[in-house]
Amino acid sequence: MRLTVLGGGGFRVPLVHRALLDDAQDPGSTGRRTELVLHDTDPGRLAAISAVLAEQADRRPGPAPAVRTTTDLDEALAGTDFVFSAIRVGGLAGRVRDEQLPLAEGLLGQETVGAGGVLYGLRTVPVATHIAERVAALAPQAWVINFTNPAGMVTEAMSRVLGDRVIGICDSPVGLCRRAARAVGADPDRADYDYVGLNHLGWLRRIVVDGTDRMPALLDDAAALESFEEGKLFGAEWLRALGALPNEYLHYYYHHREALGAIREADATRGEFLARQQEGFYAKLAGGAGTGGAFQAWDATRREREETYMAESREASGGWQRDSCDLDGGGYDRVALALMRAIARNERTTLILNVRNRHAVPGIDADAVVEVPCLVDAGGARPLATGPVAPDQLGLMLQLKAVERSTIEAAADNSPRAALRALALHPLVDSVHAARRVLEAATHR
């Protein structure tokens, strides 16, 4: 089996490689028979990550996937079985601009939420669409697993070319579900989860263990509820009022004033922090990290990255550090591996994924990409019916879907009107004039 990673010089690629190494211990695994092709436009980053992978493989017993690298997209895609798309158009410098331009107008500066997410989508959708067209031409039977943000929007844009052969993934829902299950004393792998939403805009509504919904008991237990990340972010009082557990990214909506204030008061935006951190990491490897140094440098940088994730939101909700339970979210690498195994080996499983709605979520049209539990096997991912969605949840989903589709239209047609509509319709953008100024600033950069 051949797996192609687009954005193969990206910092989190060793996590995918680690998952393949773990899987290779299974005699019937996909990992032991996998060729891993890394594609990136930056040969220096490819060389750095290749060094990390080589050292990581040396640390593990047993077989390891063969790894090769290329800067040629068509070469990377030709004949592949799976494509893992984790690109960042514009690099971290683009992310920094996406954060800073809205902040200059008093708006939220965040990678995927608010005006920053729209700017990122405008830049990314044309490239993602081109990739989808090349996959269709060179590897029409391949499955594309998209982690490129904004993941739901990008997956929907690619689905217009690839149909159901593109599936979006995110580690936020699985992390929320596993943490909530542990909070009620359940084995996360034995529970079923009722989750509905769009990417970075979803709610866990039920945790079913042995046929019993444990959510009411969790909501009634303040200590258990506030023992994990989402409970600390939102607080027991608000979660009881909602009657559900929101995805962590809804902190930007429900506690918008506090989140914006914390971001504006921080020494650096998240993008600026990651840019400095990764610049140091890649520079160290380019200069030669020494024997065993590549993996150690990467692992130390990774731990710091995970520990500081959503630091401003934690500061806005009282200030607290992530603990081991919060850090153990399952990981997008493990979600990707579970998805590939289910398709390649016809191992039927249920995963929360970003797919075309069909008729799973009432009130959302069939072609809209939603984030819901899906039944996965060799035929791909089929969304499971969610039942009625609460009006407040459906309202936000519909408004954000209009923003996503206006962004796709603007990117596809180079339409300034659609771009302005995408920015101004976002519920976290409170002024058409501010939206216009952000768009003008982004256009003239």
Side-chain angles (χ1 to χ4, degrees), residues 1 3 15-34 65 81-86 141-147 151-152 155 159 162-182 186-197 199 202 204-214 247 328-361 369-387:
M1 185 183 79
L3 166 62
L15 296 175
V16 177
H17 182 252
R18 182 181 66 184
L20 290 171
L21 290 174
D22 291 341
D23 185 53
Q25 304 307 309
D26 180 351
S29 74
T30 55
R32 66 172 50 229
R33 302 187 305 274
T34 297
D81 299 294
F82 288 91
V83 178
F84 191 92
S85 181
Q141 299 306 309
W143 292 90
V144 176
I145 301 173
N146 177 61
F147 190 71
T155 301
S159 75
L162 298 171
D164 293 329
R165 297 194 81 85
V166 58
I167 300 168
I169 66 171
C170 182
D171 50 2
S172 288
V174 67
L176 166 60
C177 292
R178 295 182 70 85
R179 289 188 286 268
R182 282 193 293 263
D187 179 351
D189 294 322
R190 293 190 61 248
D192 293 314
Y193 306 100
D194 175 8
Y195 183 95
V196 66
N199 182 241
L204 176 60
R205 303 184 298 180
R206 297 195 305 155
I207 311 164
V208 180
V209 182
D210 296 328
T212 300
D213 179 13
R214 304 289 292 276
N247 182 291
D328 181 18
Y332 83 98
D333 48 299
R334 298 182 202 174
V335 180
L337 180 64
L339 177 56
M340 287 191 294
R341 284 184 62 137
I343 294 175
R345 298 175 58 183
N346 199 26
E347 292 182 352
R348 180 171 291 193
T349 190
T350 301
L351 299 169
I352 298 173
L353 302 167
N354 287 265
V355 298
R356 292 197 291 187
N357 181 46
R358 301 187 184 183
H359 302 289
V361 183
V369 166
V370 294
E371 190 171 76
V372 296
C374 298
L375 182 64
V376 190
D377 57 21
R382 295 178 293 284
L384 301 175
T386 65

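Fair warning: this is a prediction, and the values are worked out from it, not measured in the lab.
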Trainee: Mind listing the side-chain donor-acceptor pairs of residues 349-356 below 3.5 Å, one per line with the distance, residues two or more places apart or on another chain?
Mentor:
unit_1 : atom_1 : unit_2 : atom_2 : d
N354   : ND2    : E371   : OE2    : 2.8
R356   : NE     : D164   : OD1    : 3.0
R356   : NH2    : D164   : OD1    : 3.3

Trainee: Please confirm whether the backbone N or O of Q141 pairs with a side-chain atom of R165, one donor and one acceptor, at under 3.5 Å?
Mentor: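 Yes, the answer is positive, given that a donor and an acceptor are paired below the 3.5 Å cut-off.
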Trainee: Could you tell me which residues satisfy side-chain contact (heavy atoms from CB on, under 4.5 Å) with A180, sequence neighbours excluded, listed by chain and number?
Mentor: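 For A180, the residues satisfying side-chain contact (heavy atoms from CB on, under 4.5 Å) (neighbours in sequence not counted) are L204, I207, L218, F228, L245.
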Trainee: Are any non-hydrogen side-chain atoms of Y332 and V16 less than 4.5 angstrom apart?
Mentor: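 SC-SC contact between Y332 and V16 confirmed.
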Trainee: Is there side-chain contact between L3 and L20, with heavy atoms separated by less than 4.5 Å?
Mentor: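 L3 reaches L20 side chain to side chain.
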Trainee: Among all residues two or more places apart in sequence or in another chain, which pass the side-chain contact (heavy atoms from CB on, under 4.5 Å) test with T212?
Mentor: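 Result, side-chain contact (heavy atoms from CB on, under 4.5 Å) vs T212: R214.
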Trainee: State which residues pass side-chain contact (heavy atoms from CB on, under 4.5 Å) with A360; sequence neighbours excluded, sorted by chain then number.
Mentor: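 So A360 forms a side-chain contact (heavy atoms from CB on, under 4.5 Å) with N357, P383.
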Trainee: Name all residues meeting the salt bridge (Lys or Arg N to Asp or Glu O under 4.0 Å) criterion together with D377; count only those two or more places apart in sequence or in a different chain, and write none if there are none.
Mentor: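 Residues passing salt bridge (Lys or Arg N to Asp or Glu O under 4.0 Å) with D377: R348, R382.
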Trainee: If the condition is side-chain hydrogen bond (donor to acceptor under 3.5 Å, both in side chains), which residues does R205 pass it with, not counting sequence neighbours?
Mentor: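 R205 satisfies side-chain hydrogen bond (donor to acceptor under 3.5 Å, both in side chains) with D194 once adjacent residues are dropped.
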Trainee: Holding to salt bridge (Lys or Arg N to Asp or Glu O under 4.0 Å), I want the full list of residues that pass it with D81, two or more places apart in sequence or in another chain.
Mentor: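 Partners of D81 under the salt bridge (Lys or Arg N to Asp or Glu O under 4.0 Å) test: none.
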Trainee: Once you measure the plane-to-plane angle for F147 and F84, does it fall in the parallel (<30°), tilted (30-60°) or perpendicular (>60°) bin?
Mentor: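 If you compare the ring of F147 with that of F84, the planes turn out parallel.
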Trainee: Mind checking side-chain hydrogen bond (donor to acceptor under 3.5 Å, both in side chains) for S85 and listing every partner two or more places apart, or none if nothing turns up?
Mentor: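 Listed in chain order: T148.
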Trainee: How long is the span from the CE atom in M340 to the CZ atom in R345, to the nearest 0.5 Å?
Mentor: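 These two atoms lie 12.0 Å from each other.
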Trainee: The criterion is side-chain contact (heavy atoms from CB on, under 4.5 Å); which residues satisfy it with D187, sequence neighbours excluded?
Mentor: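 Listed in chain order: D189, R190.
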